[in-house]
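Read through the structure below, which is laid out as structure tokens, and then see the notes.
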Amino acid sequence: MQDMGKSIDIIIGGKVVGRVVGGSRVGEVAALLEGEQEVFVVYDRQAVWVAEAVGRAVAVRGSLALTVSEAAKSMDTVLSICRWLLESGASRKALVVAIGGGITTDMAGFAASIYKRGIRYANLPTTLLAQVDAAVGGKTGVNFDAYKNMLGVIVQPVFTFLCAEVLRTLPRRDFLSGAAELVKTFLIEDHDGHYARSVRLLAARDVPGCFPLAPGAPSSPSADTAERVPSTDSDQHVDEKEWQELVFAAAAVKAGVVGRDPFERGERRKLNLGHTFAHAIEHEARLRGDDITHGEAVAMGINLAARLSDGLGLAQGLAGRLMRDFAAAGLPVACPYPLETLAGAMGRDKKAEGGRVHFVLLRGVGDVVIIDLTVEEALRTLQGGAADKRL
Ligand code: GLY
């Protein structure tokens, strides 16, 4: 058995249903797959080198490459994965290993969860965003008609392998998008000063090879279509260990929340900090043809949530602090759209109930509270403090 990094169990109802494991190299996944007879790999073709490395480390019965996009996150793709499993002879003992970002892990996990009434799946996320959020916690699914993630199930992966090596290939902008979710997690639960550590490292740009550009240089494009290969420049990885610790710590916070509330009846809603605003910002961006990543929208959304918290008297001066921290960390702060344009999309939030939205608000770093408000109440409070009604 190779020396794996840290591991944390996901415990639901007193039973271990999965785990999150940290590691350095892709090949270490072999230790997690020991004894598996039928491993089927579903991977994002941009992460082909990761799939190949898995193929060298373990006997794989079959591999399926996906061309991944929001538009292709559909039932059709899930059915094509199911058809491929069937044609490849996958039995109920098969294990699907999903390799890619959140779209890939969502679709492969969904396909596994319905194939033959459910077979097991595991995740090897290749983006920071998926490592700290999407690939942990068992949410799977696809978009349906105009609605994001409208069809799906919550089924826990048997493991999520957080491999440091795969992040070396991540473009800077994608890295920052994931960093927003990481920082969000520590705003929800902050042990050992993880929030401040993340901000400090981001501000120093002391991050692994996924930060190939000099500080202040323009971001690299997020939608790169070229296959990515790992960087070998060891100078770029000076703080990889520290990042690995932070990534694992964020995933561990999420694993704890999910264990206590797997189906999002209460506490898990906290993980949506900033997301009610973020989804509305992303919706508006799509309408206008603007390029805003999920993480960028989340960073803007968290700042709006902090302003709303200040406005409701839950916190004092928090919005100013977060704005300074986020700006130093290279995360976007200001939403480019007027408040009013976000109202419709916020009201249609699929988590809204009886005209009220569960707003996740902040009393301080590591201290969140869920308050149900109408969109009008929230916007009125925000506008009270916004001189020109722009966010
Ligand atoms: N992305 C939030 C959750 O998994 O609950």
Side-chain angles (χ1 to χ4, degrees), residues 1-12 16-33 50 97-102 105 122-139 156-170 174-202 204 206-211 230 237-260 268 270-271 273 295 329 365-366:
M1 165 91 82
Q2 293 171 61
D3 178 27
M4 299 295 294
K6 296 181 190 173
S7 168
I8 184 164
D9 291 337
I10 300 202
I11 302 168
I12 297 177
V16 177
V17 295
R19 60 190 175 132
V20 178
V21 183
S24 305
R25 300 263 161 200
V26 174
E28 292 166 18
V29 78
L32 298 170
L33 294 172
V50 183
V97 178
I99 299 174
T105 59
N123 289 332
L124 199 171
T126 58
T127 65
L128 179 58
L129 196 141
Q131 288 198 351
V132 299
D133 191 36
V136 177
K139 280 189 182 173
Q156 299 302 323
V158 291
F159 67 79
T160 295
F161 178 42
L162 307 182
C163 176
E165 185 181 21
V166 303
L167 295 187
R168 291 183 192 159
T169 62
L170 208 56
D174 288 353
F175 187 88
L176 279 176
S177 184
E181 291 280 6
L182 178 131
V183 166
K184 174 210 79 176
T185 306
F186 297 136
L187 282 168
I188 294 166
E189 223 177 283
D190 189 31
H191 304 291
D192 306 323
H194 283 139
Y195 169 77
R197 255 174 86 192
S198 316
V199 170
R200 180 175 54 74
L201 280 180
L202 285 164
D206 275 349
V207 293
C210 35
F211 258 7
H237 307 137
V238 279
D239 267 310
E240 189 164 275
K241 203 165 169 304
E242 202 167 355
W243 271 109
Q244 231 177 319
E245 274 175 36
L246 286 171
V247 168
F248 188 83
V253 167
K254 180 158 184 190
V257 173
V258 166
R260 293 187 293 274
R268 187 167 181 166
K270 290 182 180 174
L271 296 171
L273 173 63
V365 171

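All of these numbers come straight from a predicted model, not from anything done at the bench.
Smallest separation of non-hydrogen atoms from Ala251 and Leu162: CB-CD1, 3.6 Å. Between Val166 and Val26, the closest heavy-atom pair is CG1-CG2, 3.8 Å. Between Asp9 and Arg19, the shortest heavy-atom contact is OD1-CB, 3.8 Å. Counting all heavy atoms, side chain and backbone alike, Ile11 lies closest to Val16 at CG1-CG2, 4.2 Å. Contact record, Ala180 with Gly295: CB-O, 3.2 Å, taken as the closest heavy-atom pair. Between Leu202 and Phe175, the shortest heavy-atom distance links the atoms CD2-CE2, 4.2 Å.
Contacts classified as salt bridge (Lys or Arg N to Asp or Glu O under 4.0 Å) and involving residues 243-254 (residues at least two apart or in different chains) are given here: Asp133-Lys254, Arg197-Glu245, Lys241-Glu245.
To the nearest 0.5 angstrom, Leu176 atom CG is 11.5 Å from Leu129 atom CG. We find the OG-CZ distance between Ser7 and Phe161 to be 11.0 Å, quoted to the nearest 0.5 Å. Note that CG of Leu201 is 10.0 Å distant from CG of Leu182, once rounded to the nearest 0.5 Å. Distance check, rounded to the nearest 0.5 Å: CD of Gln156 to CD1 of Ile10 gives 5.0 Å. Note that the CG atom of Leu128 and the CG atom of Asp174 stand 9.5 Å from one another [nearest 0.5 Å]. Here the CG-OG1 distance, from Leu273 to Thr185, works out to 9.0 Å after rounding to the nearest 0.5 Å.
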Practice prompt. Dump the intermediate steps for side-chain contact (heavy atoms from CB on, under 4.5 Å) on Arg168 and Glu240, then the final yes or no.
Written response: CA-CA 9 Å; Arg168 291 183 192 159; Glu240 189 164 275; 2.8 Å; yes
Apply side-chain contact (heavy atoms from CB on, under 4.5 Å) to Leu33 and Val97, showing your working.
CA-CA 10 Å; Leu33 294 172; Val97 178; 4.1 Å; yes
(request) Mind running side-chain contact (heavy atoms from CB on, under 4.5 Å) on Val136 and Gln131 for me, showing each step along the way? (result) CA-CA 7 Å; Val136 177; Gln131 288 198 351; over 6 Å; no
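Taking the side chain to side chain contact (heavy atoms under 4.5 Å, CB included) definition, one finds that Ala249 meets it with Phe186, His194, sequence neighbours left out. The side chain to side chain contact (heavy atoms under 4.5 Å, CB included) search around Ala135 returns Thr105, Asn123, Pro125, Ala130, Thr160, not counting sequence neighbours.
Between the Lys139 side chain and the Ala134 main chain, no donor and acceptor come within less than 3.5 Å of each other. Judged by distance alone, with hydrogens and angles left aside, the side-chain atoms of Asp190 form a donor-acceptor pair with the main-chain N or O of Tyr195 at under 3.5 Å.
In this structure, the side chains of Gln244 and Ser24 come closer than 4.5 Å at one or more pairs of heavy atoms.
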